[in-house]
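Report on the following structure.
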Amino acid sequence: MADIISKITMYIVEYPFVRYALISGVLIALCSSLLGVTLVLKRFSFIGDGLSHVAFGAMAVAAVTNLTNQMLLVLPITIISAILLLAGGKNRKIKGDAAVAIISVASLAIGYLIMNLFPTSSNVSGDVCTTLFGSTSILTLSKLDVWLCVILSIIVVIVFCLFYNKIFAVTFDESFARATGTNASLYNLLIAVIIAVIIVLAMNLVGSLLISALVIFPALSAMRVFKNFRAVTICSAIFSVICTTLGIFVSILASTPVGSTIVAIDMLAFFLFWIIGALSRGAAKA
């Protein structure tokens, strides 16, 4: 154990990319877990998949057009898609999971097609794998990427804290919130924008195909043990930060893909929380 700790310390002190990965990873995990509880309760758990595939398609377009900063294209397109999915109202003809499925499959297919028709490198398969699974991107972040992640994450956390009560109301009973004078459409719009920002940030951490894990596992794990919204949100945030940190360290030490390693640890922790929740419910009934 001492050797592992000393090795991790050495990596953190001597290699800037490890520090960048830790800072970005922790912030992304924190932000995704905060909104994850809301998405799970609103039955929109797989919104992460849909939006991540939209971001993948936008990233493919940005790559073939040689945009210096891909975020300038990816973020606005993802935000618009999130608004259409979450804040489009209930009068749309294609609703909920069907809308997510359509936009998810279409964006993924178009993005992959564009990358093959207009390749930007000789290793298209490698580029696609990195984008989909985040195999190395979190370990190749620049200082500018990290600062952008820090600024956007701080904004997300501040907005969530400031409008916590309104988000809580819209999450649990949107009809009642409207009846009490809350502008539910505005807060659904706010949730949509925040989710889009988180999805774009998380692509560097776990890739397009694994983003839902950052959103779903922390929330579901916390719900196995706690029933109070505030307690679930706090537990979800702590769970996500710890699992992501462990995942990054294990990935570096074992030379495994970062995104997949984080998701694997999330899964193990989920089963642990599931067992704890089952035992606590059994003890309460006894």
Side-chain angles (χ1 to χ4, degrees), residues 4 8 21-49 51-52 133-134 138 149-150 152-154 156-161 164 167-168 171-172 191 194-195 197-199 201-207 209-254 256-284:
I4 294 175
I8 290 174
L22 280 173
I23 294 170
S24 301
V26 167
L27 290 174
I28 292 167
L30 174 62
C31 292
S32 59
S33 63
L34 293 178
L35 267 296
V37 178
T38 296
L39 291 181
V40 169
L41 292 174
K42 288 175 75 70
R43 301 293 192 270
F44 254 107
S45 300
F46 280 98
I47 190 71
D49 271 339
L51 293 179
S52 64
F133 296 99
I138 189 65
C149 180
V150 169
L152 291 176
S153 298
I154 290 173
V156 167
V157 173
I158 290 174
V159 169
F160 182 84
C161 292
Y164 170 83
I167 292 174
F168 172 82
T171 298
F172 272 95
I191 292 171
I194 293 175
I195 291 167
V197 172
I198 292 170
I199 294 302
L201 291 176
M203 284 189 69
N204 282 329
L205 182 61
V206 295
L209 293 183
L210 303 178
I211 285 177
S212 287
L214 288 182
V215 175
I216 296 172
F217 276 119
L220 290 181
S221 300
M223 289 176 185
R224 299 308 96 192
V225 179
F226 299 100
K227 301 301 177 184
N228 177 272
F229 183 79
R230 188 185 298 273
V232 168
T233 302
I234 294 173
C235 177
S236 174
I238 296 172
F239 174 99
S240 187
V241 168
I242 292 175
C243 288
T244 298
T245 304
L246 286 175
I248 293 173
F249 283 142
V250 171
S251 172
I252 292 172
L253 293 174
T256 55
V258 180
S260 302
T261 305
I262 292 172
V263 173
I265 290 177
D266 278 342
M267 290 172 61
L268 292 174
F270 169 76
F271 286 119
L272 176 62
F273 272 64
W274 183 79
I275 292 171
I276 293 173
L279 292 175
S280 62
R281 286 191 297 272

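If you read the sequence from its start, that first residue is 1, and numbering goes on from there. Since the model is a prediction, treat every value here as computed from it, not as a measurement.
At least one donor-acceptor pair under 3.5 Å links the side chain of Ser33 to the backbone N or O of Leu30. Panel note: side chain Thr233, backbone Phe229; a donor-acceptor pair is recorded below 3.5 Å.
In terms of heavy atoms, Ser240 sits closest to Ala29 at OG-O, 3.0 Å. Closest of all the heavy-atom pairs between Thr261 and Gly247 is CG2-O, 3.5 Å.
If you take CG on Leu34 and OG on Ser153, they are separated by 10.0 Å, rounding to the nearest 0.5 Å. Rounded to the nearest 0.5 angstrom, Phe160 CZ and Ile191 CD1 are separated by 9.0 Å. Within the model, atoms SG of Cys31 and CD1 of Ile199 stand 11.5 Å from one another, a figure rounded to the nearest 0.5 Å. The distance from atom CZ of Phe217 to atom CD1 of Ile262, rounded to the nearest 0.5 Å, is 13.0 Å. Atom CD1 of Ile195 is separated from atom OG1 of Thr38 by 7.5 Å, given to the nearest 0.5 angstrom. To the nearest 0.5 angstrom, Asp266 atom CG is 10.0 Å from Leu246 atom CG.
Aromatic ring pairs are classed by plane angle as parallel below 30°, tilted from 30° to 60° and perpendicular above 60°; the pair Phe168 and Tyr164 is parallel.
Every residue two or more places apart in sequence or in another chain was checked for a ring pair (Phe, Tyr, Trp, His ring centres under 6.0 Å) with Phe226, and none qualifies.
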When the side chains of residues 267-274 are checked against the rest of the protein, which donor-acceptor pairs come out under 3.5 Å, sequence neighbours left out?
none

Derivation of the side chain to side chain contact (heavy atoms under 4.5 Å, CB included) call for Ser236 and Ser221: CA-CA 7 Å; Ser236 174; Ser221 300; over 6 Å; no
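The closest side-chain heavy-atom distance from Leu35 to Ile198 is below 4.5 Å. Contact of the Cys149 side chain with the Ile28 side chain is registered, since non-hydrogen atoms from C-beta on lie closer than 4.5 Å.
Screening Thr244, Thr245, Val250 for a side-chain contact (heavy atoms from CB on, under 4.5 Å) involving Ile248 leaves a single residue, Thr244. Checked options Val225, Leu220, Val40, Val37; the residue passing with Val232 is Val37 (criterion: side-chain contact (heavy atoms from CB on, under 4.5 Å)).
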